[in-house]
Amino acid sequence: MKALTICGTRGLFGSVRIPGAKNSVLPMLAASVLCHGTVTLTNVPCLSDVASSVRILQSIGCRITQHSGCISVTSPETPGNAVSEELMRTMRSSLFYLAPMLARTGRARIGTPGGCRLGARPIDMHLSGLARMGARAEENADGSLTLSAPDGLSGADITLRFPSVGTTETLLMAASTARGESVLRGVATEPEVTDLARFLQSAGADITGIGTRTLRVRGSDCLMGTRYAVCPDRITAATVLCAVAGCGGEVLLTNIRSAHMAEVLRALRGAGCMISASGEDSAALASDGTLRAAGERETGVYPAFPTDAAPLLAAALLRAEGESRVTDTIFENRFACAEGFAALGARVSVRGRTLEVRGVPRLAGAALRAPDLRGGAALVIAALQAEGESRIAEAQHISRGYEDIASLFASLGADIAWVNQ
Ligand code: UD1
């Protein structure tokens with residue numbers, strides 16, 4: 001178990017090169033299982049979820065080589081078709097192995113996926129989509145699930161009841177090597193979904209409609225090895241911007257796609273930050289640390305304001321003048337970090353899916369606990385603005401999605417360090 005100590009109230013100054021996106025690389029690693037030949041991913045972030053993915057890949061017989069930001073995966077002729085309960089529980093993205101194992105072996109056995117407890121997070125849409133493609137599901141005595149498709153998966157016309165990111169990715173992977181054509185309607189268009197589709201295309205998949213709500217996929221007999229650069233992590237970029245907005249300072253972000261971040265940039269501009277984008281792949285933010293409240297703000301599916309950035313924006317607004325109400329329409333329990341905000345002296349309350357923030361002039365260091373990945377990062381942003389020392393326990397949640405959050409903010413001048421819990 002790891003903890004972070006943070007002494008706040010300094011301005012943050014410098015530049016940050018944003019690493020590859022967690023939510024792109026995790027499904028791509030799973031999709032590598034579909035490929036005959038070696039897949040090499042570049043711009044891979046060094047995260048504990050990536051390490052968990054490597055363990056899953058090795059457990060089903062894949063050969064992995066890794067060096068500085070690069071991972072190569074070579075899938076065996078017949079990969080394993082089960083992920084152990086222990087590995088399933090490491091992260092939500094263990095679910096991404098379901099479709100590739102099923103497609104390659106005709107069978108897949110999985111337990112309950114782990115990950116942040118943001119709400120119920122059922123997997124019914126993944127399962128009903130795969131069922132439409134011919135998979136039969138059976139619950140085992142130990143609660144695990146076995147899916148089988150002895151004659152392989154067949155293309156299908158599937159309409160999602162909600163544009164779920166994970167379901168779109170599961171069905172894209174399944175459809176890429178299914179027999180015949182699939183039409184996936186009402187899909188998610190998040191940049192990471194588009195990135196996965198482009199990765200699959202580079203491996204030989206026949207996909208059209210990328211970036212729209214309808215994807216057409218003509219199943220290929222087999223996908224090949226490929227080399228692909230993972231797109232930059234818009235949520236890591238949002239984390240740095242929200243921290244500098246709240247603390248005050250100036251930062252230049254490089255290796256971003258500013259088009260992926262339009263709503264986050266708009267919200268921070270509205271709060272009083274100066275933002276200049278010099279081209280599509282970099283942006284600079286300057287803040288004097290005295291922000292205006294955001295009024296009402298709601299998350300939604302892309303291109304709306306991202307759910308993952310909701311606690312990050314709320315953390316930046318804790319000392320803003322006025323009242324902000326941030327509502328997450330995607331998950332039921334996005335604001336578990338509110339307890340930590342309150343411990344720092346913030347005036348916050350959670351009503352249903354809405355976090356209400358009434359700005360206070362100052363925050364004071366406190367003992368905190370990271371409730372989940374983005375909630376933990378939000379507490380870092382809040383603690384960076386607080387006078388005196390804060391300690392964030394259970395900070396391993398944060399390492400699931402950030403390479404090294406202490407080095408990241410220390411490079412901008414923050415007083416932050418890892419300690420043993
Ligand atoms: C992904 C991201 C996560 C992000 C989220 C929304 C990864 C690894 N994680 O999560 O960081 O916050 O998208 O942008 O990419 N749902 C169902 N049944 C299902 C699947 C989903 O009811 O079978 C519901 C969920 O409970 C949730 C909503 O749909 O309320 C959205 O979930 P989804 O888009 O699937 O998110 P994830 O793929 O889990």
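In this text the structure is predicted, and so the values were computed from the model without any measurement. Each ligand, and each atom within it, is numbered from 1 in the order the structure gives.
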Hey, can you pull the donor-acceptor pairs under 3.5 Å for the side chains in residues 93-102, sequence neighbours left out?
from: Ser94; atom 1: OG; to: Met88; atom 2: O; distance (Å): 2.8
from: Ser94; atom 1: OG; to: Met91; atom 2: O; distance (Å): 2.8

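- Taking the side chain to side chain donor-acceptor pair (under 3.5 Å) definition, one finds that Glu181 meets it with nothing, sequence neighbours left out.
- Within 4.0 Å of ligand 1, protein heavy atoms come from Asn23, Arg92, Ser93, Arg121, Pro122, Ile123, Asp124, Met125, His126, Arg161, Phe162, Ser164, Val165, Gly166, Thr167, Thr307, Asp308, Ile330, Phe331, Arg334.
- Residue Phe335 comes nearest to Pro311 through the heavy atom pair CE2-N, 3.9 Å, listed as atom of the first residue, atom of the second, then distance.
- Judged purely by distance below 3.5 Å, without hydrogens or angles, the side chains of Ser128 and Asp124 never pair a donor atom with an acceptor atom.
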Let me have the donor-acceptor pairs involving side chains of residues 56-68, under 3.5 Å, with sequence neighbours excluded, atom names and distances please.
from: Ser59; atom 1: OG; to: Ile56; atom 2: O; distance (Å): 2.7

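- Using a cut-off of 4.0 Å between Lys/Arg side-chain N and Asp/Glu carboxylate O, Glu192 and Lys22 are scored as not salt-bridged.
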